[in-house]
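What follows is one structure encoded as structure tokens, with my remarks underneath.
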Amino acid sequence: MSEKTKNTQLRVSPSDEELVKSAKIGDALAFEQLVQRYEEKIYNLIYRMVDDKTIVKDILQETFIKAYRSLPSFRENSKFSTWLYRIAINFCLMHARKKKKKTLPLDELIQTEEGEIPKDIPDWSSNPEATLQNKELKNKLESAISSLPDDYKSVLILRDIDGLSNKEVSKILNITVPAVKSRIHRAREFLRERLSEYFSRN
Amino acid sequence: MVNCKEIFELISDLIDEEIEIEEELHREFLEHISECPHCGPFLNTFKKTVNLCRRIENIRVPEEVHISFWRSIRVEIYKKKK
């Protein structure tokens with residue numbers, strides 16, 4: 001192994017915190033690295049949050065430009081990713097408000113009353129069709145997610161698709177952990193019902 | 001005795017392992033779930049739904065979006081400060 005490859009392997013990529021510190025004192029390349037790290041994640045978050053896919057690229061730009069301009073005032077008492085997710089979510093919600101999208105409260109979407117367990121549930125969990133390779137099911141799931149009211153959709157995306165903790169989600173959305181837990185629970189149940197419908201029809 | 005309603009309410013916490021429940025209560029939960037004609041299928045399909053969500057993969061940023069995005073980012077960060 002040559003010296004050069006050894007060096008490359010030994011080099012540990014800097015943490016977000018280190019990059020933030022460098023970017024704050026004017027290191028543009030450090031900021032570029034942060035952008036590289038989060039471009040795809042933020043793109044996907046926005047893509048799933050908004051209905052109008054033509055505005056995804058605008059919100060993506062707005063998010064990172066806002067992050068760049070606000071960096072001097074980022075106090076680093078949360079993770080950079082939490083802060084960035086929050087900027088992106090706020091832009092998504094702002095655009096949704098502009099469009100005055102009418103959303104039904106989840107109570108109306110979920111037919112069962114809260115706390116009441118639905119009866120006669122077919123168990124499709126071990127059905128070989130219950131996989132994302134099943135394109136029809138995947139589409140059903142994605143469209144069910146996109147039909148969730150924004151408050152629930154954001155929690156579901158961050159919690160179950162991005163795999164963030166309840167605590168991180170609560171910081172990003174500025175709501176309490178119990179509120180995150182209650183929303184994730186109801187969002188999951190909504191999706192479970194939609195998937196059950198799919199299996200009862202097929 | 002645990003009932004269906006309790007299972008329903010705690011199911012997200014249970015699968016997220018957020019709550020520490022006493023061993024005895026946990027045994028009661030499992031017993032109930034294995035016997036109850038509603039809770040068993042409910043728990044299984046609920047878990048499956050969460051697992052499907054967790055497996056959703058990110059889509060790649062389309063090339064033309066990626067290019068125009070980077071162009072505007074670079075304009076922003078390399079523009080001369082006044």
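Protein chains get the first letters and strands the later ones, always in sequence-line order, with residue 1 at the start of each.
Using bins of under 30°, 30° to 60° and over 60° for the plane-to-plane angle, the ring pair A/H185/B/F46 lands in the tilted bin.
Heavy atoms of B/L43 lying under 4.5 Å from chain A are absent altogether. Of the atoms belonging to A/L60, heavy atoms from both backbone and side chain fall under 4.5 Å from chain B. Residue A/L29 touches chain B through both its backbone and its side chain, counting heavy-atom pairs closer than 4.5 Å. With a threshold of 4.5 angstrom between heavy atoms, A/L45 does not approach chain B through any atom at all. Contacts between B/N51 and chain A at a heavy-atom distance below 4.5 Å are absent for every atom of the residue. Only the side chain of A/Y47 comes within less than 4.5 Å of a heavy atom of chain B; its backbone N, CA, C and O stay farther away.
A/F31 CZ: more than 12 foreign heavy atoms inside a 6.0 Å radius. Enclosure of atom NZ in B/K47 is not indicated, since only 12 or fewer non-hydrogen atoms of other residues, nucleotides or ligands lie within 6.0 angstrom. Annotation: B/R60, atom CZ; neighbour count of heavy atoms from other residues, nucleotides and ligands within 6.0 Å does not exceed 12.
At a threshold of 4.5 Å between non-hydrogen side-chain atoms, the residues B/L52 and A/L195 count as touching. For the pair B/S12 and A/K181, the minimum side-chain heavy-atom distance is 4.5 Å or more. Within the 4.5 Å cutoff, the side chain of A/F64 has heavy atoms near those of the B/F69 side chain. For the pair A/L132 and B/E57, the minimum side-chain heavy-atom distance is 4.5 Å or more. Contact of the B/I56 side chain with the A/R48 side chain is registered, since non-hydrogen atoms from C-beta on lie closer than 4.5 Å. Within the 4.5 Å cutoff, the side chain of A/Q61 has no heavy atoms near those of the B/E76 side chain. Two residues are said to be in side-chain contact when any heavy atoms from C-beta on lie closer than 4.5 Å; B/I59 and A/Y43 meet this criterion.
Considering OG of A/S126 and CG of B/N44, their distance stands at 7.5 Å, rounded to 0.5 Å. Put simply, CD1 on A/I65 and OG on B/S72 are 4.5 Å apart, with the number rounded to the nearest 0.5 Å. The distance from atom OG of A/S196 to atom CZ of B/F42, rounded to the nearest 0.5 Å, is 9.0 Å.
Here the shortest heavy-atom pairing between B/T45 and A/P122 reads CG2-O, 3.8 Å. Across all non-hydrogen atoms, the minimal contact from A/E40 to B/V61 is CA-CG2, 3.9 Å. Between B/I77 and A/A28 the shortest heavy-atom distance is CD1-O, 4.0 Å. A pairwise comparison of heavy atoms in B/T49 and A/R188 identifies CG2-O, 4.0 Å as the closest pair.
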side-chain contact (heavy atoms from CB on, under 4.5 Å) assessment of A/R192 paired with B/K48: CA-CA 8 Å; A/R192 194 199 65 81; B/K48 186 80 193 185; over 6 Å; no
Derivation of the side-chain contact (heavy atoms from CB on, under 4.5 Å) call for B/I73 and A/Y68: CA-CA 9 Å; B/I73 292 298; A/Y68 183 72; over 6 Å; no
A/Q36 vs B/W70, side-chain contact (heavy atoms from CB on, under 4.5 Å): CA-CA, chis, key distance, verdict: CA-CA 9 Å; A/Q36 259 161 19; B/W70 272 94; 3.7 Å; yes
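Using a 4.5 Å cut-off between non-hydrogen atoms, the part of residues 156-174 of chain A that approaches chain B consists of A/L156, A/R159, A/D160, A/I161, A/N166. Taking 4.5 Å as the heavy-atom cut-off, none of the residues of residues 75-91 of chain A approach chain B.
One finds a salt bridge joining A/E32 and B/R74 here, because a Lys/Arg side-chain nitrogen approaches an Asp/Glu carboxylate oxygen to under 4.0 Å.
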